[in-house]
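The structure displayed is predicted, hence computed values, not measured ones. FYI, the numbering just counts along the sequence from 1.
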Amino acid sequence: MPRQSRQRYEAICEASPDAILLVDHDGRITYANARVTDLFGYEPADLLGEPIEILVPESVRDEHIAQRDAYIATPEARPMGVNLELSGQRKDGSKFPVDVSLSPIETDGNREFMAAVRDISEQEALRTKYLTILEAVPDAVLVADAETGEIIEANQQVVELTGYEPDDLVGEPQTVVHPSGEEAAYRELFENHVGSGQSIFTQFPDGSDVYVETKAGGRVPVEINAHVFELQNRQLIAGVFRDVTARKEYERQLQALHTATRWLMEADDNEAIAQLVADAASAILGYEHNVVRLVDETSLRAVAVTEQAETELGERPAYPVDGDSPVSRAYRSGEPIRYDDVRSLEDDHDRGEAHAAMYLPLGEHGVISIVDPETGAFDQSDEDLAFVLSLNAEIALNRLAYERDLERQNERLDEFASVVAHDLRNPLNVAQGLLATAQTEPDLDHLAELDDALDRMAGIIDDVLTMVRCGYDLESIDALAFGDVVTSCWDTVATADASLEIEADGQLFADASRIRNLFENLFRNAVEHGSTSPASNTRQDAVEHGSTSPASNARQDAVEHGGKGVTVTVGLVEDGFYIADDGPGIPPDERDRVLEPGWTTNPDGTGLGLNIVREIAQAHEWDIDVTESAAGGARFEFSGVRTAVGDESVTPSS
């Protein structure tokens, strides 16, 4: 190279941000620019004639000499130590990472070799930070060349997801982790997201799921968060792979829960709802040992049992509502109970092979039991889904109870409409006819019959209003003095010469208003039934005149038809009370019918009198039994009543 050209060349080298060194065939430095002082701490003149290895760490100098000689033998312009981590050594002995580019040049007819050395400490720091982040990410991460799709980095988390070690994947195409035979589709997906820069996706455009294929050949649904970035002048794409198997399962469970809820809302009886709940717990949660118990008076009875529960756990028992079992306690508390191992209770209940257990109340209707042979089988997600299922079942059972109650109310309204349409028409027609006669004839005897007809209509209206207002709801349950209530009710009824005897006294727990309706109706029924007047042809006549309102109390039916010498006996027992008389009684074949609405043998009757008594008893959840009294009359026995029997030697009252 001419001297002028060399001077120009050296001027260019002096302007370079890199350290520039010229080396002869012996590996000795013939030129160094000023930048070597910044990088290595040497003055350029101090390096002239020194072997290039003075700038190489002592631990690798022998290796470097071999590499230098190999390059001098076959020189070409290329980076030195491709894929190797190179280091330089400063004058003070400290080391730093470098990038070296080599080129042969001709000077004054001689061949020399130029080395451009760059300090890459900052780049290495960034790379170290990048690798640290890569390993800190909890998900599997693959970094690939955005142009070729070749994997250049993989963190340790890929092992858990794919079964491949990171080194097994480096150098492979990114499609290696996707299902075999679908490389073209996944390559296209890769290229589309390189173009978009960043995107999160779990599906192809057609809606099909994205999968990773493991080393063992299994398929795992994944979500990929793809991000395109540059590192060391190279465009890369990082894909963060997250296993969404649990998420997919949860989505399936929610869909199954939605379907089950729709079926629950369409079910038309409690047993069907119970079976749907038991089966839905299997379909949604995947647990096969499920039992649904519904409350039946004082116990929780199994009405729906999955096949596997019945096969492996045997016949499932009923539990008392007030018992100590988890089923009973969950029902009473209204809160779910969960055990990792229910055997830790060490009680006497037989649960077969069950260990993990959940008990979820269905409101006031019952409890669903979900058990599994594996200890600790349930997690919070299981409990949350089961809780939602139990709430939906409770809503369905509430709906059914409401519909049944509404149906009963509609039936009652139909009965009332029939009474008003039929029974009021006859006395109304009679009253209208008598009034027309009275208006044309001077004889006023018809007015007494008119008064009777109007009185009859008032009684019908009173009976209907009592039925409507009593209904099935109670205002409150209070402790009432039995004798006082009985005496007060007796005094409000027109009883003529009838008498009352109280055989046993104490406390009765009931709604004060409703119990008065009950006693007054039964007292009036007994007194009117005991009549010896031709106006009282059958016992049902008395039933038809039963009423509870002040207007009907003013009627004189009971006085006019009341039987002389009729004795009504009442008494309190441990589980209830009774009302008996010494009248003619009720024929056995009619005893089951006298409480039915509309049952009457009196053409003027409503058939509501004793039905009012039945409605009041049902509102209290009492049972009624119509039998024969010791004196041959009628006896009405009420059981399932909360009582506190006191002194049995009560002085009869009349």
Side-chain angles (χ1 to χ4, degrees), residues 474 476-531 539 542-543 545-548 550 552-553 558-559 561-586 591 594-595 609-610 612-614 616-617 619-620 622-654:
L474 304 176
S476 63
I477 300 296
D478 301 308
L480 308 174
F482 182 74
D484 292 345
V485 172
V486 168
T487 302
S488 175
C489 293
W490 181 262
D491 290 342
T492 63
V493 175
T495 55
D497 294 329
S499 61
L500 173 69
E501 293 184 1
I502 302 177
E503 294 184 337
D505 200 359
Q507 284 189 322
L508 169 71
F509 292 82
D511 183 292
S513 176
R514 299 293 183 262
I515 197 66
R516 289 183 62 85
N517 297 153
L518 182 145
F519 279 123
E520 289 173 1
N521 270 281
L522 287 175
F523 288 160
R524 186 171 294 108
N525 178 75
V527 171
E528 294 178 358
H529 165 67
S531 173
R539 177 172 189 85
V543 176
H545 295 106
S547 185
T548 60
S552 65
N553 291 339
V559 175
H561 305 308
K564 296 181 179 180
V566 175
T567 299
V568 178
T569 305
V570 299
L572 201 66
V573 296
E574 290 295 337
D575 188 41
F577 61 92
Y578 60 87
I579 301 172
D581 62 56
D582 59 358
I586 304 174
R591 291 173 186 168
V594 295
L595 300 176
L610 289 181
I612 292 173
V613 173
R614 186 181 72 172
I616 295 171
H620 285 83
W622 298 341
D623 294 323
I624 310 176
D625 191 17
V626 182
T627 64
E628 184 177 7
S629 70
R635 179 182 173 99
F636 293 82
E637 296 179 349
F638 296 83
S639 58
V641 184
R642 183 183 173 192
T643 63
V645 180
D647 185 0
E648 297 186 2
S649 58
V650 178
T651 303
S653 54
S654 61

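- Taking 4.5 Å as the limit, some side-chain heavy atom of V568 sits within range of a side-chain heavy atom of W490.
- Under the side-chain contact (heavy atoms from CB on, under 4.5 Å) criterion, D478 pairs with S476, L480, sequence neighbours left out.
- For the pair F523 and D491, the minimum side-chain heavy-atom distance is 4.5 Å or more.
- Checked against side-chain contact (heavy atoms from CB on, under 4.5 Å), A644 has the following partners two or more places apart in sequence or in another chain: Q507.
- The side-chain contact (heavy atoms from CB on, under 4.5 Å) test with H620 is passed by exactly one of I477, I515, L518: I477.
- Heavy-atom minimum distance, W622 versus A510: CH2-CB, 3.8 Å.
- For the pair F638 and V613, the minimum side-chain heavy-atom distance is below 4.5 Å.
- Annotation for R614 and I624: closest pair CA-CD1, 3.7 Å, computed over non-hydrogen atoms.
- The side-chain hydrogen bond (donor to acceptor under 3.5 Å, both in side chains) pairs that include a residue from residues 625-636 are R635-E637, where partners are two or more places apart or lie in different chains.
- In terms of modelled atom types and a separation under 3.5 Å, the side chain of N525 and the main chain of N521 share no donor-acceptor contact.
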Acceptor/donor pairs from residues 572-579 side chains to any protein atom, 3.5 angstrom cut, sequence neighbours excluded:
residue : atom : partner : partner atom : Å
D575    : OD1  : G640    : N            : 3.4
D575    : OD2  : G640    : N            : 3.1
Y578    : OH   : E503    : OE1          : 2.3

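- What you find for F636 and I586 is that their closest heavy atoms are CZ-CD1, 4.2 Å.
- Applying the side chain to side chain donor-acceptor pair (under 3.5 Å) criterion to D484, with sequence neighbours excluded, gives no partner residue.
- Scanning both residues, V566 and D582, for their nearest heavy atoms gives CA-OD1, 3.7 Å.
- Heavy atoms only, all atoms of each residue included: G483 and D505 are closest at N-OD1, 2.8 Å.
- Using modelled atom types, one side-chain atom of D581 and one backbone atom of A634 make a donor-acceptor pair closer than 3.5 Å.
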